[in-house]
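Written out below as structure tokens is the structure these notes cover.
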Amino acid sequence: MPSTPVPPAHRRRITSTAVGIGIATGAYALSFGAISVASGLSPLQTQAVSLLMFTGASQFALVGVLGVGGGAVAAVLTAWLLGTRNGLYALSLAPILNVRGVRRLAAAQLTIDESTAMALAHPDPPAASRRAFWSTGLAIYVLWNLGTLVGALGAAIIDDPSTLGLDAAIPAGFLALLWPRLVGRTMWAVAIAGAVVALALTPVLRPGMPVLAAGLVALAASWLIGRRS
């Protein structure tokens, strides 16, 4: 059966919302680009991270761990752990998007918090859900990478980017990404537990490892919540 078309007014609302989300999210990329360069990555390396990794929390985690002297292994593991949620998103989106071949790879790259939320927020008709996913993912991808480029080049022309106090922007960026997700007592409890574990382990572990431990707390909590439900 042919899919039900999306009314023009509905298409316009989806597109305008997607662009608005892309602009708001792209603003975070300005700070990411600057933070990444201040943490020791070159502008080219910074841009590669945004082009290939493309998940804000993981990117901030990667450069945050590297910036405080953590090893590459801890940085990569922390970024990977935070990015595993995108794989869960893909499971719920697969029957909606129904893509094959190259489009499947593109969909995997664009599966992030915002594109998933938009797709699930417009379930009827299914074509609207697909339009919401692709328009949001593409808008954020373009503007996130543009913001990264501007931020990285801006920090690169400064002799010592660390003088800008960008180390404080890393936790601020994490809080900005985390705050909208703290809905309900369970999420608050998980966030507080992770913070307590990270603070307790900071004096005894190498830089980067406390963040990884906090991520493991969140992963364990997710598994327990899933079993109960």
Side-chain angles (χ1 to χ4, degrees), residues 24-25 27-41 45-46 49-50 52-92 111-117 144 148 151 161-162 164-229:
T25 308
Y28 287 124
L30 292 170
S31 61
F32 169 74
I35 291 168
S36 181
V37 171
S39 298
L41 274 67
Q45 291 171 326
T46 297
V49 170
S50 276
L52 301 175
M53 184 178 290
F54 186 54
T55 173
S58 295
Q59 291 181 226
F60 273 105
L62 180 74
V63 299
V65 172
L66 293 175
V68 296
V73 173
V76 171
L77 285 176
T78 303
W80 172 81
L81 185 63
L82 290 173
T84 53
R85 70 191 189 283
N86 293 347
L88 301 177
Y89 296 158
L91 293 176
S92 63
T111 300
I112 54 176
D113 297 336
E114 293 82 1
S115 62
T116 302
W144 179 269
T148 297
S162 62
L164 297 176
L166 292 174
D167 52 339
I170 294 175
F174 263 119
L175 287 175
L177 292 168
L178 177 64
W179 192 263
R181 295 164 176 80
L182 295 179
V183 180
R185 295 180 179 179
T186 300
M187 292 299 101
W188 273 101
V190 172
I192 292 172
V196 170
V197 168
L199 289 173
L201 295 178
T202 295
V204 297
L205 293 182
R206 293 184 57 188
M209 298 305 293
V211 177
L212 181 58
L216 291 174
V217 169
L219 186 63
S222 176
W223 178 75
L224 289 173
I225 293 170
R227 286 196 63 185
R228 291 180 179 177
S229 61

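Atom CG in Asn86 sits 11.5 Å away from atom CG in Leu91 (nearest 0.5 Å). Expressed to the nearest 0.5 Å, how far OH of Tyr89 lies from OG1 of Thr84 amounts to 9.5 Å.
For Ser58 against Gly83, the heavy-atom pair with the smallest separation is OG-N, 3.3 Å. For the residue pair Ala90 and Thr111, the shortest heavy atom distance occurs at N-CG2, 3.9 Å. Residues Gln45 and Gly40 approach most closely at OE1-O, 4.4 Å, considering heavy atoms.
Looking at Ser36, its side chain never comes within 3.5 Å of a backbone N or O of Gly33 through a donor-acceptor pair. Although no hydrogens or angles enter the test, the distance criterion places a donor-acceptor pair under 3.5 Å between the side chain of Ser39 and the main chain of Val63.
With contacts defined as side-chain heavy-atom distances shorter than 4.5 Å, the pair Phe32/Thr46 qualifies.
Residues that satisfy the side chain to side chain donor-acceptor pair (under 3.5 Å) test with Ser50, not counting sequence neighbours, are Gln59, Trp144, Thr148. With sequence neighbours left out, Leu66 forms a side chain to side chain contact (heavy atoms under 4.5 Å, CB included) with Leu41, Leu62, Ala75. For Ser115, there are no side chain to side chain donor-acceptor pair (under 3.5 Å) partners, not counting sequence neighbours.
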